[in-house]
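Input: a single structure, listed below in structure tokens.
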Amino acid sequence: MVSSYFYRAMALMLTVGALSKIQKIERREQARSEKFAKLLKYEDKKEKATSQQVVCYYRIEKNDTKKLQPEDIDASLCTHLIVGYAEVRYDFVLPRAIQDLERFNRTVALKKKNAKMKILLSIGEKSNGGFSHMVATNYGREKFIFSLLHFLDKYKFDGVDFDWEFPSWNGANPLERFYFILLLKELRFVIEQAKRKFLISCAVAAHVAIIDTSYDVPEMAKAVDFVNLMSYDFQMYSQEHPMTAHHSPLFSRNSEKKLNYFLNGAWAAAFWEARGMPRKKIMLGVPTHARTYHLHSPHLNTLNVPATGQGIGKGKLNYPQVCQFLKAGAVQIFDVSTKVPYAYLDHNWIAYDNEHSVSFKSHWVKDEGYGGIMIFNLNNDDWKGTCDNSTKFPLTRAVKKIMQ
């Protein structure tokens, strides 16, 4: 019969082994944290913004009273209005539909209500499309730049926004990263030589892998006036990760480790800064849409619990729909670690931003000296005031209140 001492000794060895493994993991995580803390250290206070901007995206839609029209926009809410989208075809800037030209004119007319507001044209493309073809040659970039300047002049825009998702990413030509910088520099040179005051901005990724693959940040910083950080959609339902998660957290949760630790707005903004983008040129993205999940069990309804698919709205809701979900009796939880809320009702679970979370993000941006907040987008905000039957654009208005 085996002595009880044997089992005690085995238990002690296993315990010591487990503790040793835990200590190794803790040391590795501590080294990782120290590495990134050093990377993100920033001491040049001169690069902080002394005042913040409110940059709003607006997507041109059909003439329909159910859709947000230019005349519905409160021109007092935004310092910059970015209107999308144009596209690149045959190396020229062209509207996606001929009717968009008339809507561009109606949008630019908002400057009559707020002469200080800058209105930029956004050009949106995926890789392997018009951008990829155009940037690859000197002739293509030259044609594009002069067609762009003509377009901005003709429709009285104050500048251009590049929403390229994403150079050199996901199997695209690795040289696109280099070509994109050439385009930005050449455009800046032509603008300065022409003694114009056109602004240049870029919508940029917040995921670390994409940042380092797609952008030469120090060179980009020389050419652009600001970047709009897409600090949302960090996590959504997928078969690879069928668990509930915030899609636009400001901070990481205390319990999050490894990759998830970096999926938040504060870390992404700091990483862009560490890579070479001045703090004053970084606009933190705030979404007006929610991401939804279908819970595996209505009794498991917190963060990081199993989901079987996308929830209501095929995975996405606008803010008025969020309000309807809450009015239907959903339980609301504000996560103090990440500074964003989530809500659940039966099998449906949503991650979203509300007035409280966007106000907190705005205070953080202001306190930290970043360039401002980017709202994506006005179309998904409650522009009719249906949530409380009064307040129009409540999310954008909450941001503006902090920034003014």
Side-chain angles (χ1 to χ4, degrees), residues 55-61 80 82-89 91 93-96 100 120-136 140-141 144 148 159-184 187 200-217 219-221 223-238 240 247-248 262-265 267-269 271-272 275 277 281-289 291 315-316 374-380:
V55 179
C56 306
Y57 274 84
Y58 167 52
R59 187 180 71 254
I60 293 289
E61 299 192 275
H80 298 70
I82 299 181
V83 186
Y85 291 94
E87 63 184 9
V88 182
R89 276 182 283 152
D91 300 336
V93 179
L94 295 170
R96 290 186 172 178
D100 289 350
L120 287 71
L121 173 70
S122 186
I123 305 174
E125 292 277 357
K126 303 291 184 182
S127 275
N128 299 318
F131 267 141
S132 298
H133 181 272
M134 174 268 293
V135 297
R141 295 193 302 274
F144 171 81
L148 172 62
V160 61
D161 172 72
F162 293 101
D163 186 1
W164 184 355
E165 301 179 19
F166 300 97
S168 301
W169 179 249
N170 198 23
N173 184 351
L175 290 176
E176 287 181 353
R177 181 177 188 265
F178 169 72
Y179 292 146
F180 189 34
I181 295 301
L182 281 181
L183 173 67
L184 294 174
L187 175 59
I200 303 174
S201 74
C202 293
V204 296
H207 286 265
V208 174
I210 304 178
I211 296 169
D212 278 343
T213 300
S214 298
Y215 311 112
D216 183 337
V217 180
E219 294 303 309
M220 177 183 283
V224 302
D225 293 282
F226 56 91
V227 294
N228 301 303
L229 183 60
M230 293 186 280
S231 44
Y232 41 80
D233 293 344
F234 279 110
Q235 297 187 79
M236 297 176 283
Y237 174 81
S238 67
E240 293 75 24
H247 86 100
S248 58
F262 313 120
L263 299 179
N264 60 83
W267 200 94
F271 190 81
W272 266 92
R275 282 292 187 254
M277 185 61 64
K281 291 188 176 186
I282 299 172
M283 309 294 159
L284 181 76
V286 167
T288 55
H289 64 275
R291 290 296 176 182
K316 184 178 181 179
M374 177 269 283
I375 303 287
F376 187 82
N377 54 35
L378 294 179
N379 305 68
N380 287 325

Check whether any side-chain heavy atom of [X] lies under 4.5 Å from a side-chain heavy atom of [Y], and answer yes or no.
X	Y	result
Thr288	Leu378	no
Asp216	Arg177	yes
Arg275	Asp212	yes
Ile60	Arg96	no
Tyr215	Phe166	yes
Asp91	His133	yes
Val227	Val217	no

Hey, what do you get for [atom1] ([X]) to [atom2] ([Y]), rounding to the nearest 0.5 Å?
X	Y	atom1	atom2	result
Phe180	Arg141	CZ	CZ	12.5 Å
Glu176	Leu183	CD	CG	12.0 Å
Ser248	His289	OG	NE2	7.5 Å
Met134	Arg89	CE	CZ	14.0 Å
Ile82	Ile375	CD1	CD1	11.5 Å
Asp225	Cys202	CG	SG	10.0 Å

Specify the closest pair of heavy atoms between [X] and [Y], including all atoms of both residues, with the distance to one decimal.
X	Y	answer
Phe234	Ala268	CZ-CB, 4.3 Å
Ile282	Ala269	CD1-O, 3.6 Å
Gln235	His247	O-CB, 3.3 Å
Asn264	Trp267	OD1-N, 2.9 Å
Gly265	Ser231	CA-CB, 3.9 Å
Lys281	Val224	NZ-O, 2.9 Å

For Leu148 and Ile123: C-alpha separation, side-chain torsions, deciding distance, then whether side chain to side chain contact (heavy atoms under 4.5 Å, CB included) applies.
CA-CA 10 Å; Leu148 172 62; Ile123 305 174; 4.0 Å; yes
For the residue pair Phe376 and Tyr232, categorise the inter-ring angle as parallel (less than 30°), tilted (30 to 60°) or perpendicular (more than 60°).
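Taking Tyr232 first and then Phe376, their aromatic rings lie parallel (interplane angle under 30°).
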For the residue pair Phe144 and Phe162, categorise the inter-ring angle as parallel (less than 30°), tilted (30 to 60°) or perpendicular (more than 60°).
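Plane angle between 30° and 60°, so tilted.
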Knowing that exactly one of Ser127, Ser214, Ser132 qualifies, which makes a side chain to side chain donor-acceptor pair (under 3.5 Å) with Trp164?
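Of the listed residues Ser127, Ser214, Ser132, the side chain to side chain donor-acceptor pair (under 3.5 Å) partner of Trp164 is Ser127.
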Judged by atom type as modelled, is there a donor-acceptor pair below 3.5 Å linking the side chain of [X] to the main-chain atoms of [Y]?
X	Y	answer
Ser122	Tyr85	no
Asn379	Arg59	yes
Ser168	Asn173	yes

Could you give me the CA-CA distance, side-chain angles and deciding distance for His80 and Phe226, then say whether side chain to side chain contact (heavy atoms under 4.5 Å, CB included) is met?
CA-CA 11 Å; His80 298 70; Phe226 56 91; 4.0 Å; yes
For the residue pair Tyr57 and Asp161, confirm or rule out a side-chain donor-acceptor distance under 3.5 Å.
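Distance-only check passes for Tyr57 and Asp161.
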Step by step, work out the side chain to side chain contact (heavy atoms under 4.5 Å, CB included) result for Lys316 and Asn380.
CA-CA 10 Å; Lys316 184 178 181 179; Asn380 287 325; 4.3 Å; yes
